[in-house]
Amino acid sequence: MVLSRGEGPPPSEARPELTTLVDIGRSLCHAREAAGLSLLEAAVPAGLPSDELEALESGATARLHDRIATLRALRAYADSLGLPGDDYVLAAVDLWPVTLVPPPRRGDSGPVPVVSVSSAPAGGHSPTEARGVEWAGDPTGAALSTVSGQVSSVIPLSLHDTGPVPAADTGETPAVRQGAPRLLKVLVVVAALLVVCGGVALVERTHVVGWYHQVSATSSRWYREVRADVGLKPKAVAPASANGLPKVTIVENGATNAVTINVNAASFSVKMAAFNAPSWMQVTDDHDLEPIYSQVMPGGQTQTFLVNGSTTIETASTSARAYLYEGTTFIGYYFPSQVPFTMTLNATG
């Protein structure tokens, strides 16, 4: 029951003729004035702001932007004044002006029909059915309607439309992708350069060391060959014992074309080589009665013998070469300068 300060017939007894939206607004205004209420006082029982009540009473759609919200507010305002809110809402739905769609753009086939919604209240009646027929509505009092119309703001897009599609404003600021700090980029570049330089240096060092050993071996061989060609007697190279290598002593006997080589080691090996021509060789040690090697060695070939006591090697060609090793470590060499020639090798360690 709505209390009013004025006197006169209750608003519910008035059944004005509602033929336009202006009539609806004028009816609301008369009911409020008959109840002796100002806009501010009527806003309290209706639960609406006074400016919205003023817009409803004006009946101007230009001031009523949201159609659904307007129909809900109309029902609440009419009910608070004791008027039949359902009738006012249905009348407003029927009287709401239809706005035409602008002419279609290129490639468009015409306006797009849309379905509007009515304000039939939850538990209310259908616009096409008799009063009292129940149908479902949403919690706010509005349900789907059968009234069709066109919305001017809807512009159909065709397959030929290449215009931009407006993006909805979500109110969120997109994330900003930050690049790596400049100092970090510089450090990464420097590290990459160091890695590349290190790899190049390692490769070049391997090449340089290999080239050095190759040149050194070639130079030493050339030096030994020249000494042998000019008839100089090469001596065995005896590294100093301070280097951890066994001491080598050589005792030559020019009268008998013989040499004795003593190596201060429990055992060592001698590699005999026929340098550039075949050479007959015979090898005998103190452990075997028969020679362990006796034949012509082809030029360019080698043969290695282990000396762990006393071993005698006879050769009949100046192309013979003797190289001494302790394990894999080179410890000396000897080239016979006369033939026939006898070498006696003793392990004295």
* Structure fact -> CD1 (I24) and OG (S58) are apart, to the nearest 0.5 Å, by 11.5 Å
* **Sub-4.5 Å side-chain heavy-atom contact between Y293 and M272** => no
* In the single-linkage hydrophobic clustering (I, L, V, M, F, W, Y; side-chain heavy atoms under 4.5 Å), do L71 and V22 co-cluster? -> no
* **Where at least one partner belongs to residues 275-304, residue pairs that pass salt bridge (Lys or Arg N to Asp or Glu O under 4.0 Å), sequence neighbours excluded** => none
* To do: Show your working on side chain to side chain contact (heavy atoms under 4.5 Å, CB included) between I313 and L345 and close with a plain yes or no.
  => CA-CA 8 Å; I313 301 176; L345 299 99; 3.8 Å; yes
* Asked: If you group Ile, Leu, Val, Met, Phe, Trp and Tyr by side-chain heavy-atom gaps below 4.5 Å, do L56 and L40 land in one group?
  -> no
* Trace of the side chain to side chain contact (heavy atoms under 4.5 Å, CB included) decision for S310 with T344 -> CA-CA 7 Å; S310 178; T344 301; 4.0 Å; yes
* Heavy-atom closest pair, residues V93 and R67 -> O-NH2, 3.9 Å
* To do: Mind checking the CG-SG spacing from L194 to C197? Nearest 0.5 Å is all I need.
  => 6.5 Å
* Kindly determine whether K247 and T249 satisfy side chain to side chain contact (heavy atoms under 4.5 Å, CB included), including the steps that lead there. => CA-CA 7 Å; K247 183 178 180 181; T249 58; 4.1 Å; yes
* Asked: Does any non-hydrogen side-chain atom of P246 lie less than 4.5 Å from one of I331?
  -> yes
* To do: Evaluate side chain to side chain contact (heavy atoms under 4.5 Å, CB included) for M343 paired with T312, printing each intermediate quantity in order.
  => CA-CA 6 Å; M343 292 182 292; T312 301; over 6 Å; no
* Keeping the roles fixed (side chain from S294, backbone from P291), state whether a donor-acceptor pair exists under 3.5 Å. => no
* Asked: Taking the six-membered ring for Trp, are F335 and Y333 parallel (under 30°), tilted (30 to 60°) or perpendicular (over 60°)?
  -> tilted
* **Any pair counted as side chain to side chain donor-acceptor pair (under 3.5 Å), so long as it reaches residues 260-273, sequence neighbours left out** => N262-N346
* Any link between F305 and V263 through a network of hydrophobic side chains (Ile, Leu, Val, Met, Phe, Trp, Tyr) touching at under 4.5 Å? -> yes
* **Distance in Å, W280 CH2 paired with E314 CD, rounded so as to fall on 0.5 Å steps** => 5.0 Å
* Any link between M281 and L306 through a network of hydrophobic side chains (Ile, Leu, Val, Met, Phe, Trp, Tyr) touching at under 4.5 Å? -> no
* Distance-only, no hydrogens or angles: does the D79 side chain make a donor-acceptor pair with backbone N or O of A76 under 3.5 Å? -> no
* **Residue pair V270 / T311, side-chain heavy-atom distance below 4.5 Å** => no
* Asked: Does the side-chain hydrogen bond (donor to acceptor under 3.5 Å, both in side chains) test come out yes or no for S279 and T315, once each step is laid out?
  -> CA-CA 7 Å; S279 176; T315 180; 3.1 Å; yes
* Asked: When the ring planes of F330 and Y323 are compared, do they come out parallel, tilted or perpendicular, using 30° and 60° as the limits?
  -> tilted
* Asked: Are L83 and L39 connected, step by step, through hydrophobic side chains (Ile, Leu, Val, Met, Phe, Trp, Tyr) whose heavy atoms are closer than 4.5 Å?
  -> yes
* Asked: Can you check whether I261 reaches L324 side chain to side chain, under 4.5 Å on heavy atoms?
  -> yes
* Asked: Any side-chain heavy atom of V259 sitting closer than 4.5 Å to one from F341?
  -> yes
* Nearest heavy atoms of A43 and P49, plus distance in Å -> CB-C, 4.2 Å
* **Separation between CG of D87 and CZ of R75, rounded to the nearest 0.5 Å** => 11.5 Å
* With a 4.5 Å limit on heavy-atom distance, are the side chains of L184 and P181 in contact? -> yes
* Any side-chain heavy-atom pair from L193 and V189 closer than 4.5 angstrom? -> yes
* To do: Can you see which heavy atom on E52 is nearest to which on A69, and at what distance?
  => OE2-O, 4.4 Å
* Drop me the distance from L48's CG to E54's CD, to the nearest 0.5 angstrom. => 13.5 Å
* Do V190 and L187 have side-chain heavy atoms sitting under 4.5 Å apart? -> no
* Structure fact -> CD of E326 to CG of L245, rounded to nearest 0.5 Å, is 7.0 Å
* Lys/Arg N to Asp/Glu carboxylate O, R32 vs E41, below 4.0 Å -> no
* Side chains of Y325 and T304: do they bring a donor and an acceptor to under 3.5 Å? -> no
* Structure fact -> What one should report as the nearest heavy-atom pair of A347 and A266 is CB-O, 3.6 Å
* Structure fact -> All heavy atoms of V296 vs all of P278, minimum pair found to be CG1-CB, 3.8 Å
* Asked: For L28 and L74, which heavy atoms make the closest approach, and how far apart are they?
  -> CD1-CD1, 3.5 Å
